[in-house]
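Notes follow once the structure below has been shown.
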Amino acid sequence: MAGSSHGHTPAAWTGVTIAFIGFCIASVFMVMAEPIGFWAGMGVVVLGGVVGMAMRAAGLGQKPSPVSVAQARSEA
């Protein structure tokens, strides 16, 4: 994976960081047996995915390689 630059973008790092924080929040509230806090943490996890996709759409994600674009066109 290190040679492919998979996930080495601001969009990926930001989305994963937000999702990780949400997971930590949900974990703490699960141990405390507080369902509202757990679901709030899960909401933060989903927010991480939305932020990552929005940043990718804004051009901060990995650009598709020319090989994968050509391959996708040939399969269509």
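Note that the structure is predicted; figures quoted are calculated from it, not measured.
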Ile36-Leu47 co-clustered via ILVMFWY side chain contacts under 4.5 Å: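 No; tracing contacts between hydrophobic side chains, which count when under 4.5 Å, never links both residues.
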Hphob cluster co-occupancy, Met55 + Met53, side-chain heavy atoms under 4.5 angstrom: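 Different clusters: Met55 never reaches Met53 through Ile, Leu, Val, Met, Phe, Trp or Tyr contacts under 4.5 Å.
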Any side-chain heavy-atom pair of Leu60 and Thr9 under 4.5 Å: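 A side-chain contact is absent here, since even the closest heavy-atom pair is not under 4.5 Å.
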CD-CH2 distance between Glu34 and Trp39, expressed to the nearest 0.5 angstrom: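 Those atoms lie 15.0 Å apart.
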Of all the heavy-atom pairs spanning [X] and [Y], show the shortest one and how long it is.
{"X": "Phe29", "Y": "Phe38", "answer": "CB-N, 3.4 Å"}
{"X": "Trp13", "Y": "His8", "answer": "NE1-CA, 4.0 Å"}
{"X": "Arg56", "Y": "Ala11", "answer": "N-CB, 3.8 Å"}

Val50, Val46, Val44 screened by side chain to side chain contact (heavy atoms under 4.5 Å, CB included) with Ile18, the one that passes: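 For Ile18, the side chain to side chain contact (heavy atoms under 4.5 Å, CB included) check succeeds only for Val44.
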